[in-house]
Amino acid sequence: MNKTIPSKLPQLIRGEWVNSSCSDWLEVTNPATGEVLSQVPLTTSEELQSAVTSAKEAFVQWRDTPVTVRARIMLRYQALLKKNQESLARILSEETGKTFEDAKGDIWRGIEVVEHAANIASLMMGETMENVAGGIDCYSYLQPIGVCTGITPFNFPAMIPLWMFPMAIACGNTFILKPSEQDPITPCKLAELFMEAGAPEGVLQLVHGGPEQVDFLLKHPDIKAISFVGSVPVGRHIYQTGTQQLKRVQAFAGAKNHMVVMSDANKTAAINNIVGASVGAAGQRCMAISVAVLVGDTQQWLEDIKNAMSVVKPGHWQDPNADFGPLISAAAREKVLGYIARGKEEGADCLLDGSDISVEGFPHGNWVGPTLFANVSPDMSIYTDEIFGPVLCLLNADSLEDAIQLINTCPYGNGTSIFTASGAAARKFQHEISVGQVGINIPIPVPLPFFSFTGWRASFYGDQHAYGKQAVRFYTETKTITARWYDSDIEQVEHTNLTIQ
Ligand code: NAD
């Protein structure tokens, strides 16, 4: 892998890394320093069309490439990703500001999906049944659907592209990736390694840009399926536009994740996990805990939560003492600061305010420190909106029932967790909660790739989720065959009645 960052990012079209002929370029900056790392093009319509045509042409051969060959590319890709994990993580840290450990984790969670994709032979097996009627057998195949596309967000520039293209391509599809324009360098490196693993020309294309480029892909008749991860308004737009064009769409969107803390919970574990899950990665995780619901006596833990949170510090990714990095952009920082100001105006108790934090040596970083609001009510904007920063809201509930009702009333349903020593409380919570991913004494319950990533309600639009068996369903079409074979020497064939009695 080439470890240097080009001053202008190329695109992967027809198996070649080519520079865009566009006149509009955006800057990719290091969010800790403000330094410009590279420029990313707004891919032109002609270049996008070339990527779609090439992906369509490549599909003809790729869909007939034996499953073992497809699986072996994934095996080689997994080995290359592991070999290059540290150098990839350095690039990822530079363009996102994530701590080095966090950056390695971003890549590792993607590597696990590639490992899962390498099992494609068993994942893509169909079903069979002998003698569904006299002498008649029935069997089904999962077949790839064609050209698929993926639109990814800034906050996991390795993991989320790797949720998509390895699974889609292992299933026999070709894929066009349009990564976030805020941190597209890591996705380019991922694509470079995929080509090095032996992917044939045209199987993966990588284009750049923003809304205009996404809309081109959304509306293109040769694109059969769209995978999206990002914010709620954009997710809705992608789902509505894509399905209107009669495409298959899975759109993973924003979140507001609650952790319920019961009074029998292990106090140290609960508080440590509240802090790590709320401010880790500067709160820029779709599964971050942004609300803790304190039930009963735990409402007396405010001072302890505040003390635990106040020692957590942002910093540059090369500082081993940094607990988390900056926000991705100055605009993201302004948005978060706006919410902190509004929370105070709306009457929440701001126990810890990270608005004015600075990091020595990095005056131009998009820093926001840990921020804690207590006595938040459900009508405040710091509760209703996804802030996507290191801001934690504390709400009170009298009982587990009240906590469940609060969470089920919130429109988002990505993740939630409960901290308790009671199996009965945990069982009630897991059964009654209307959220797709539930942790029991686990703060961020992201499923491993042999399950699926299963957000609900306003956090997901579509039917089949990411990775696991559901991704195989999403990226394939089921063909069911009913077969009868005649002996050539039998002249008179009996009519077989297929009617179900
Ligand atoms: P975003 O919605 O701004 O951008 C996501 C992608 O959509 C980018 O590639 C961007 O170029 C494109 N895009 C932006 N505006 C568009 C428009 N008007 N039309 C078409 N395409 C457009 O999201 P982001 O800020 O990059 O990422 C953060 C968001 O992603 C948060 O809301 C977070 O919760 C969410 N997220 C969700 C999950 C999940 O699994 N549910 C995972 C990670 C992130």
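Remember, it's 1-based here, ligands and their atoms both numbered in the order they're listed. Everything numeric here is computed off the predicted structure, so don't read it as measured data. Any value given below was found using the heavy atoms of this structure, including those in side chains, with hydrogens, waters and symmetry copies removed.
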(request) Considering the heavy atoms of Val229, write down every atom of ligand 1 situated less than 4.0 Å from one of them. (result) 5 (C), 36 (N), 37 (C), 38 (C), 39 (C), 42 (C), 43 (C), 44 (C)

(request) Among Tyr383, Phe429, Phe419, Tyr412, find the residue that satisfies the ring-ring contact (aromatic ring centres under 6.0 Å, His included) test when tested with His258. (result) Tyr383

(message) List ligand 1 atoms under 4.0 Å from Asn155, heavy atoms only on the residue side.
(response) 43 (C), 44 (C)

(request) Give the atoms of ligand 1, by number and element, whose distance to some non-hydrogen atom of Phe252 is under 4.0 Å. (result) 39 (C), 40 (O), 41 (N)

(message) Any heavy atom of Ala253 closer to ligand 1 than 4.0 angstrom?
(response) yes

(message) Tell me if a side-chain donor or acceptor on Ser377 pairs with a main-chain N or O of Asn375 at a distance below 3.5 Å.
(response) no

(request) Check if Phe156 has a non-hydrogen atom at a distance under 4.0 Å from any atom of ligand 1. (result) no

(message) Treating Asp183 as the side-chain partner and Thr96 as the backbone partner, does any N or O pair qualify as donor plus acceptor under 3.5 Å?
(response) no

(message) Considering Ala331, Ser459, Gly230 one by one, which has a heavy atom nearer to atom 35 (C) of ligand 1 than any of the others?
(response) Gly230

(message) Looking at Asn257 and Ile289, would you say the former's side chain and the latter's main chain have a donor-acceptor pair under 3.5 Å?
(response) no

(request) Could you tell me whether Lys104 and Glu86 make a salt bridge, using a distance below 4.0 angstrom between a side-chain N and a carboxylate O? (result) yes

(request) Mind checking the SG-CE spacing from Cys148 to Met164? Nearest 0.5 Å is all I need. (result) 11.0 Å

(request) Starting from atom 34 (O) of ligand 1, locate the nearest protein heavy atom and write down its residue, its atom name and how far away it is, to 0.1 Å. (result) Glu386 OE2, 2.6 Å

(request) Could you find the nearest protein heavy atom to atom 3 (O) of ligand 1 and give me its residue, atom name and distance? (result) Ser231 OG, 4.0 Å

(message) I need the nearest protein heavy-atom contact for atom 24 (P) of ligand 1: residue, atom name and distance, please.
(response) Phe154 CD2, 3.6 Å

(message) For the residue pair Gln49 / His220, report whether a side-chain donor-acceptor contact shorter than 3.5 Å exists.
(response) yes

(message) What verdict does the ring pair (Phe, Tyr, Trp, His ring centres under 6.0 Å) test give for Phe194 and Phe165, after you've listed the backbone C-alpha separation in whole Å, the side-chain angles of each residue and the deciding distance to 0.1 Å?
(response) CA-CA 10 Å; Phe194 192 61; Phe165 74 80; 5.3 Å; yes

(request) Cation-pi check, Lys98 to Phe156: give yes when NZ or CZ is under 6.0 Å from the six-membered ring centre and within 45° of the ring axis, no otherwise. (result) yes

(request) Tell me which one of Val446, Thr241, Thr152 gets a heavy atom nearest to atom 9 (O) of ligand 1. (result) Thr152

(message) For atom 40 (O) of ligand 1, tell me which residue out of Phe453, Phe388, Phe228 has the closest non-hydrogen atom.
(response) Phe453

(request) Measure Arg285 to ligand 1 on non-hydrogen atoms and call it side chain, backbone, both or neither using the 4.0 Å cut-off. (result) neither

(request) Determine, using ring centers only, whether His465 and Phe460 are less than 6.0 Å apart. (result) yes

(request) Would you mind running through ligand 1 and noting each atom that sits below 4.0 Å from a heavy atom of Val214? (result) 20 (C), 21 (N)

(request) Considering heavy atoms of the protein only, find what lies nearest to atom 12 (C) of ligand 1 and give residue, atom and distance to 0.1 Å. (result) Ile151 CG2, 4.0 Å

(message) Please give me the minimum heavy-atom distance between Ala458 and Ala253, naming the atom from each residue.
(response) O-CB, 3.6 Å

(request) Run the numbers for me: atoms of ligand 1, each under 4.0 Å from some heavy atom of Ile160, listed by number. (result) 42 (C), 43 (C)

(message) Under 3.5 Å, is there a donor on one side chain and an acceptor on the other for Glu115 and Gln78?
(response) yes

(request) Report the part of Glu181 in contact with ligand 1, treating N, CA, C, O as backbone and CB onward as side chain, heavy atoms under 4.0 Å; options are side chain, backbone, both, neither. (result) side chain

(request) Just let me know how Met287 lines up against ligand 1, side chain, backbone, both or neither, with a heavy-atom cut-off below 4.0 Å. (result) neither

(request) Identify which of Asp215, Asp183, Val234 has a heavy atom lying nearest to atom 13 (N) of ligand 1. (result) Val234

(request) Classify the contact between Leu218 and ligand 1 as side chain, backbone, both or neither, using a heavy-atom distance cut-off of under 4.0 Å. (result) neither

(message) Check this for me: does any side-chain nitrogen of one of Glu181 and Lys178 sit under 4.0 Å from a carboxylate oxygen of the other?
(response) yes

(request) State the atoms of ligand 1, each with its element, that fall below the 4.0 Å cut-off from a heavy-atom position in Trp163. (result) 40 (O)

(request) Could you list which atoms of ligand 1 come closer than 4.0 Å to a heavy atom of Lys178? (result) 8 (C), 9 (O), 10 (C), 11 (O)

(message) Looking only at protein heavy atoms, which one is nearest to atom 42 (C) of ligand 1, and what is the separation?
(response) Cys286 SG, 3.0 Å

(request) Look at Asp353 together with Lys344 and state whether they make a salt bridge at an N to O cut-off of under 4.0 Å. (result) yes

(message) Below 4.0 angstrom, counting only protein heavy atoms, does anything approach atom 27 (O) of ligand 1?
(response) yes

